[in-house]
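Numbers here are sequence positions counted from 1. Both counts, for ligands and for their atoms, begin at 1 and track the order of listing.
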Amino acid sequence: MTTYTYCQICEQACGLVVTTVDGRIAAIEPDRDNRHSWRDFCVKAANAPAVVEHPRRLLQPMRRVGDRYLPATYEEAIDDIARRLARIRADHGAEAIASYAGNPSGMHFASGAMLSLFMNGLGSHNHFWVGSVDQNALHYVAEQMYGSPWVMLHPDVDNCECFLLIGSNPAVSTMCWIGRVPNGWKRILERQRQGATLVVVDPRRTESARKADVHLAPRPDQDWALLLAVIRVIFDHDWLDAGDCAQARGIAELRDIAGSVSLEALAARCDLPLDAIRDVAERFATARTAVCLARTGPAQGINGTLTEWLSHVLNLITGRTDRTGGRVYNPGIVDPLRAGDAVFRPNRTPSRVRGLPTVAGAHALAELADEIRTPGVGQVRALIVLAGNPVVSGPDGRTLDAALGELDLLVAIDLVQRESHRHAHWLIPATHWLERSEFHPLLSGMTAERFAQFARAAVDPPTGVRHEWEFLRDLAFAMKLPLVGGTAGTAALRACTRLSRWLAKPGLAFDPAWLARLMVRQSGVVGWQTLREAPHGVVYGEPPVDELRSRLTTVDGRIDAAPRALLGYLRERLASSCVADPGFPLQLLSRRRKQTMNSWLADLAPPAVVGQDAATVGMCAADAAAFGVRAGQRVQVASRANAVEAVVEIDDDLRPGTVLMAQGWGSRVFDPFTGEAQAIGINRNLLVSNDDLDPLSAVPRLNGTPVTVKPLVS
Ligand SMILES: Nc1nc2c(c(=O)[nH]1)N[C@H]1C(S)=C(S)[C@@H](COP(=O)(O)OP(=O)(O)OC[C@H]3O[C@@H](n4cnc5c(=O)[nH]c(N)nc54)[C@H](O)[C@@H]3O)O[C@H]1N2
Ligand SMILES: Nc1nc2c(c(=O)[nH]1)N[C@H]1C(S)=C(S)[C@@H](COP(=O)(O)OP(=O)(O)OC[C@H]3O[C@@H](n4cnc5c(=O)[nH]c(N)nc54)[C@H](O)[C@@H]3O)O[C@H]1N2
Ligand code: SF4
Ligand SMILES: [Mo]
């Protein structure tokens, strides 16, 4: 049988054709007839059957009994979890129940929406999410400049003549970060062949930097100084788009602050030659079209919001915002500016312990351990982890692991039992994306083309395994939580769902697809049936441009180029010096691999990748000599938070003063029946402190972490 769908491992959402024989996957290939993504595909999708058929896949709910797990039915799981949650809520209030949603939950509308409805139904604001170790800088800046955290501006790569990529390695990671450009890296290289300029800013000479016309290797965390210098040069030469500047608020303040500091001082901060900065400013400002994109490199550092903001400012003042060949807003089939908050109701209550504001309606993962361990009203006592591995992907996993062990109830919903689920009282199986059909209403706007696609299941879930949203729905029903339409509405939904079982009519059961369908119908852009029936997706209009300004939700309907909080933080940064901590003079970077996805394909990675990546620390030859270590030697890598051991690899692609440890390793996959597990490699995020944060995005310093390297005496 042949099924057309798209890959849901990352936001690229590549169109796929899946062939099955006797209910098993026989082949996965790129869908060449997919109007949007026909050229794209990667090894992670090709290897997806290994996850579907993972030997340790959870196939039924598992209950912890002592230090073992025993299989249970869904009814037993729901009954026990509902009872325990109800008791915790009655004794300690709704806030004592928290949730963490990891990256894969963002690709699946039904589970993300159901978790959100569940938490709203409980009345708990304690929702933590993966954005706080990834893209919070983007949401923070979007809210400040455009009035909503859900404004995503996508690069129009095929019309772009100058690319300025800051802290991104699309040659490996593809072009996705809260949006996608199918086959984006190859399209950029194609533009380069046609004459476009490619500038890559990265402390490491990455696979992408090697192809660049210009590669700048700044000091980590200091891209904001580079951008401010570029902006200053542009102001000095008046290379501005006068119309776009006149429409925006705050340009005068920007000019003042950029003029208040010397170019030499800014160049010294980012440690780049001033001539190179001037050259980039001129190339960018004088190109007919251009795009500046700042991504996870800076966003996962302590100045991520400054860099993200100034990258938007650069686009704005040179007339690249929402213009052909620049960065455009796509309202999609369901405009996230209208619908986002309706399903994912934003929480604005600051965190209890540190008093930090939420970003995009959620609390920061860096705060979770404190919220679990600090006594008082609202102390977190129960946690639901949906599609996440925060002990490995987030900061200071040792502290978080200990905190998770102190919970009264930990429920993990996942394909397998991973490191973060070690202390779970209940393990609840998940379905794989190849086993699910749905339309994700918010995904259609995440690209610079008007395209949408229905995801189709290629295989059935393993016998007895329910979708995670079904589990959450039934848990909500068991607790009699209001989901939609208050208590009366929810009672009707519950009755329908019960009836569906008696009548064996699954269509009657409450399903988040109802919400998706309603949103699509209300938007009136494309009919539901049209979407459902198009095997290769639907192109429903010309590429979007000039869609943003009429939708701005700022107070005066204008773009705010100089939001007060960001200006204040910039002033603070300018007033402080950037001298390295003498105890920890090196800065730690990350790397991804084509075969792995954050921490969750690492256990299936080929031995060659494991050997190169999983337990090494890369250093340039000069630093290795200065720290008295050599290739192949075991060393201790230490930070203020922790220390780990690794083997030195000489890597002269690294800027002196930086060291590299790949992310995503050091996570065990347990056999819940025997408890047997083996970690592959080192969890380098143990070195990251959970209180060294960007003060605005609350993202920890996963990149640029101050560390030192010491030889181990053997
Ligand atoms: N194969 C594979 N693909 C993936 C993923 C994966 O794990 N594996 N993850 C997916 C996900 S969830 C995401 S969010 C995207 C991320 O996609 P990208 O944002 O492109 O992420 P990276 O490839 O990690 O590139 C980040 C780069 O930033 C550099 N860097 C570190 N610190 C700094 C700094 O301070 N300044 C600058 N200028 N650069 C810095 C690093 O050296 C690195 O090369 O990739 C997605 N694609
Ligand atoms: N040092 C450093 N740290 C980083 C990064 C970095 O570049 N450097 N990158 C960061 C980024 S960009 C991200 S997005 C985060 C990721 O952080 P997380 O999302 O918390 O962690 P992942 O490692 O992606 O784990 C995802 C989990 O979801 C499970 N899963 C997969 N599919 C499904 C499904 O359909 N349903 C369910 N229920 N579970 C599923 C997997 O088995 C896995 O356990 O890590 C961040 N951490
Ligand atoms: S780039 Fe790879 S992992 Fe991402 S959607 Fe495409 S095939 Fe899937
Ligand atoms: Mo991410």
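Closest protein heavy atom to atom 18 (P) of ligand 2: Tyr100 OH, 3.7 Å. When only non-hydrogen protein atoms are considered, atom 6 (C) of ligand 2 lies nearest to Gln300 OE1, 3.2 Å. Looking at atom 23 (O) of ligand 2, its nearest protein heavy atom turns out to be Ser599 OG, 2.5 Å. In terms of protein heavy atoms, atom 30 (N) of ligand 1 is closest to Gly297 CA, 3.5 Å. If you check which protein heavy atom lies closest to atom 1 (N) of ligand 1, you get Arg593 O, 2.8 Å. Ranking the protein heavy atoms by distance from atom 15 (C) of ligand 1 puts Cys176 O, 3.5 Å first. Of the protein's heavy atoms, Ser173 O, 3.6 Å lies nearest to atom 46 (C) of ligand 1. With hydrogens left out, the protein atom closest to atom 36 (N) of ligand 1 is Asp223 OD1, 2.7 Å, a heavy atom. The single protein non-hydrogen atom nearest to atom 10 (C) of ligand 1 is Met597 CE, 3.7 Å, given as residue, atom name and distance. Closest protein heavy atom to atom 19 (O) of ligand 1: Thr296 OG1, 2.7 Å. At the shortest separation from atom 3 (N) of ligand 2 among protein heavy atoms lies Asn685 ND2, 3.1 Å. Looking from atom 40 (C) of ligand 2 to the surrounding protein, the closest heavy atom is Ala387 CB, 3.8 Å. Nearest non-hydrogen protein atom to atom 21 (O) of ligand 2 is Ser393 OG, 3.1 Å. The protein non-hydrogen atom at the shortest distance from atom 38 (N) of ligand 2 is Glu468 OE2, 2.9 Å. At the top of the distance list for atom 26 (C) of ligand 1, counting protein heavy atoms only, stands Gly167 O, 3.4 Å.
Listed here is the closest heavy atom pair of Ala643 and Arg398: O-NH2, 4.0 Å. Summarising the geometry of Ser105 relative to Ala387, their closest heavy-atom pair is N-CB, 3.8 Å, with the distance given to 0.1 Å. For Leu687 against Met661, the heavy-atom pair with the smallest separation is CD1-SD, 4.1 Å. The two residues Leu226 and Leu216 have their closest heavy-atom pair at CD1-CD1, 4.2 Å. The heavy-atom pair separating Tyr74 from Arg466 by the smallest distance is OH-N, 3.0 Å. Here the closest heavy-atom approach between residue His467 and residue Pro461 is recorded as CE1-CG, 4.3 Å.
Asp511 has no carboxylate O lying under 4.0 Å from a charged side-chain N of Arg473, or vice versa, which leaves the two without a salt bridge. The residues Arg668 and Glu419 are annotated as salt-bridged, a charged nitrogen and a carboxylate oxygen being separated by less than 4.0 angstrom. Salt bridge annotation for Asp613-Arg593: present, with a cationic side-chain nitrogen under 4.0 angstrom from a carboxylate oxygen. For Arg655 and Asp202, the salt-bridge test fails: no basic side-chain N is under 4.0 Å from an acidic carboxylate O.
Counting heavy atoms from C-beta on, the side chains of Arg684 and Trp665 never come closer than 4.5 Å.
Of the listed residues (Asn703, Val669, Asp134, Leu415), the one carrying the non-hydrogen atom nearest atom 32 (N) of ligand 2 is Leu415. Ranked by closest heavy atom to atom 44 (O) of ligand 1, the top entry among Leu588, Asp202, Asn598, Thr307 is Asp202. Between atom 4 (C) of ligand 2 and the options Arg684, Gln663, His467, the minimum heavy-atom separation is to Gln663. Taking all heavy atoms of Leu702, Ile9, Asn389 into account, the minimum distance to atom 25 (O) of ligand 2 is reached by Asn389. Considering Arg295, Glu11, Met175, Arg592 only, the shortest heavy-atom separation from atom 22 (P) of ligand 1 involves Arg592.
Atoms of ligand 2 found under 4.0 Å from any heavy atom of Thr431, numbered from 1 in the order shown, are 34 (C), 35 (O). The contact set between ligand 2 and Gly102, taken as ligand atoms under 4.0 Å from a residue heavy atom, comprises 19 (O). With ligand atoms numbered from 1 in the order given, ligand 2 contributes 36 (N), 37 (C), 38 (N) to contacts under 4.0 Å with heavy atoms of Ala430. Counting atoms of ligand 1 from 1 in the listed order, those under 4.0 Å from a heavy atom of Thr206 are 44 (O). Each of the following atoms of ligand 1 lies closer than 4.0 Å to a heavy atom of Trp177: 14 (S).
The closest approach between a heavy atom of Arg418 and any atom of ligand 2 is below 4.0 Å. Residue-ligand proximity: Gly704 is placed with every non-hydrogen atom at 4.0 Å or more from ligand 1.
Using a 4.0 Å cut-off between heavy atoms, Arg436 contacts ligand 2 through its side chain alone, with no backbone atom that close. Of the heavy atoms in Ser590, only side-chain atoms (C-beta onward) come closer than 4.0 Å to ligand 2. In Gln135, neither the side chain nor the backbone holds a heavy atom less than 4.0 Å from any atom of ligand 2.
Between Asp221 and ligand 1, at least one pair of N/O atoms sits closer than 3.5 Å. Remark: ligand 1 and Asn169 share an N or O pair separated by less than 3.5 Å (distance only, no angle test). Any N or O atom pair closer than 3.5 Å counts here, and Val416 shares no such pair with ligand 2. Polar contact with ligand 1: absent for Thr174 (N/O pair, distance under 3.5 Å). Looking at Thr596 next to ligand 1, an N or O pair under 3.5 Å apart turns up. Between Ser168 and ligand 1, at least one N/O pair is under 3.5 Å apart. Every N/O-N/O distance between Leu589 and ligand 1 stays at or above 3.5 Å. Geometrically, ligand 1 and Asn103 share no nitrogen or oxygen pair separated by less than 3.5 Å.
Remark: side-chain polar atoms of Asp396 are not paired, donor with acceptor, to backbone N or O of Leu686 under 3.5 angstrom. Side-chain atoms of His139 do not come within 3.5 Å of backbone N or O of Asn136 as any donor-acceptor pair.
Heavy atoms from other residues, nucleotides or ligands lying under 6.0 Å from CZ of Arg591 number more than 12.
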